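In what follows, a single structure is set out as structure tokens and then discussed.
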Amino acid sequence: MAPSHLSVREMREDEKPLVLEMLKAGVKDTENRVALHALTRPPALLLLAAASSGLRFVLASFALALLLPVFLAVAAMKLGLRARWGSLPPPSGLGGPWVAVRSSGDVCGVLALAPGSSAGDGARVTRLSVSRWHRRRGVGRRLLAFAESRARAWAGGMGETRARLVVPVAVAAWGVAGMLEGCGYQAEGSWGCMGYTLVREFSKDL
């Protein structure tokens with residue numbers, strides 16, 4: 001499917017359930033890889049081992065003492081990811097959310113933007129998800145191009161001297177990172193836990 005067969009418009013209220021399911025599916029595709037990446041770092045392994053050792057004095061089952069901390073850590077991480085990226089954000093000064101729509105009328109992607117935390121930070125992508133049935137068909141690039149045009153218009157309206165777009169990407173989302181690098185974005189920052197990166201931030205001056 002060529003990008004020319006796509007249009008981007010604001011989400012309609014009746015499309016909200018479909019968009020929410022798309023966001024949740026997008027999180028599910030990466031949450032296991034993020035959890036595996038985080039919980040196999042040395043500090044996390046040490047904490048899990050300490051928790052298991054402590055539980056062995058409380059629980060009669062060695063296997064339960066070994067598996068319970070892992071299960072709870074994975075569940076907490078998944079719930080955090082779903083709360084952060086698996087729901088629609090509140091309305092922002094940049095409008096939206098927006099959906100990518102095929103010529104047939106099928107919604108195949110969703111985008112949401114928000115202003116940066118301070119002046120000069122530009123705009124941030126807070127949600128970017130493509131239906132698994134429409135990936136590798138130009139939908140992500142089309143939404144990204146739309147986000148850039150909105151960021152430019154918003155920066156001009158705010159009297160900013162430059163337009164900038166920041167896109168946070170989970171460390172396990174290699175396909176998204178590759179698309180951003182191919183579009184001229186550069187990794188400039190990251191955040192995570194215990195000194196290990198869980199999310200990288202890509203930015204581009206527009």
Side-chain angles (χ1 to χ4, degrees), residues 16-90 92 97 109-114 116-118 121 124-136 139-140 143-144 166-182 185-203:
K16 187 175 181 179
L18 175 63
V19 168
L20 283 171
E21 286 302 315
M22 193 182 304
L23 289 170
K24 291 175 183 177
V27 172
K28 287 180 181 178
D29 288 343
T30 59
E31 63 184 12
N32 288 329
R33 287 177 290 177
V34 172
L36 180 64
H37 175 84
L39 297 180
T40 54
R41 303 306 97 185
L45 292 173
L46 184 62
L47 288 174
L48 290 174
S52 295
S53 297
L55 286 173
R56 287 180 64 185
F57 295 101
V58 179
L59 301 174
S61 170
F62 172 78
L64 185 60
L66 184 66
L67 295 175
L68 185 59
V70 177
F71 173 79
L72 292 176
V74 170
M77 187 164 294
K78 287 185 176 184
L79 288 173
L81 288 172
R82 291 175 189 179
R84 186 178 180 89
W85 286 329
S87 60
L88 283 170
S92 75
V110 58
L111 166 75
L113 299 170
S117 56
S118 59
D121 284 351
R124 294 179 61 87
V125 171
T126 57
R127 303 290 188 279
L128 177 60
S129 185
V130 176
S131 168
R132 65 182 61 185
W133 310 112
H134 298 281
R135 291 173 187 169
R136 301 185 182 278
V139 180
L143 286 170
L144 187 62
V166 179
V167 187
V169 179
V171 71
W174 302 293
V176 178
M179 179 192 74
L180 291 170
E181 290 172 344
Y185 285 76
Q186 294 183 339
E188 67 160 16
S190 62
W191 57 268
C193 182
M194 294 184 291
Y196 290 93
T197 298
L198 296 180
V199 175
R200 292 188 295 166
E201 291 192 337
F202 290 80
S203 67

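The first residue in the sequence is number 1, and the count goes up from there. The figures that follow rest on heavy atoms only: side chains count, while hydrogens, waters and symmetry mates do not. What you see is a predicted model, and the numbers here were worked out from it, not measured in a lab.
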Which atom names give the shortest non-hydrogen contact between [X] and [Y], and what distance separates them?
{"X": "Leu23", "Y": "Ser129", "result": "CD2-CB, 3.9 Å"}
{"X": "Leu66", "Y": "Val70", "result": "O-CG2, 3.8 Å"}
{"X": "Phe202", "Y": "Ala187", "result": "CD2-N, 3.6 Å"}
{"X": "Ala73", "Y": "Leu48", "result": "CB-CD2, 4.2 Å"}
{"X": "Ser203", "Y": "Val166", "result": "CB-CG2, 4.1 Å"}
{"X": "Val125", "Y": "Pro168", "result": "O-CD, 3.2 Å"}

**Prompt:** Short question: side chain of Thr126, backbone of Ala112 - any donor-acceptor pair under 3.5 Å?
**Reply:**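 It does hold such a pair.
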Is there a side-chain contact between [X] and [Y] in this structure, where contact means two heavy atoms from C-beta onward sitting under 4.5 Å apart?
{"X": "Arg135", "Y": "Val139", "result": "no"}
{"X": "Val19", "Y": "Pro97", "result": "no"}
{"X": "Tyr185", "Y": "Met179", "result": "no"}

**Prompt:** Would Leu180 and Leu144 satisfy side chain to side chain contact (heavy atoms under 4.5 Å, CB included), going step by step from the backbone distance to the final call?
**Reply:** CA-CA 9 Å; Leu180 291 170; Leu144 187 62; 3.7 Å; yes
**Message:** Does Gln186 have more than 12 heavy atoms from other residues, nucleotides or ligands lying within 6.0 Å of its CD?
**Reply:**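 Not more than 12 within 6.0 Å, no.
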**Request:** Could you tell me which residues satisfy side chain to side chain contact (heavy atoms under 4.5 Å, CB included) with Ser53, sequence neighbours excluded, listed by chain and number?
**Result:** none
**Asked** Does Arg56 have any salt bridge (Lys or Arg N to Asp or Glu O under 4.0 Å) partners at least two apart in sequence or in another chain, and if so, which?
**Response**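 Once residues adjacent in sequence are excluded, Arg56 has no partner under the salt bridge (Lys or Arg N to Asp or Glu O under 4.0 Å) criterion.
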**Message:** Can you tell me how far apart CG (Leu111) and CG (Leu143) are? Round to the nearest 0.5 Å.
**Reply:** 5.5 Å
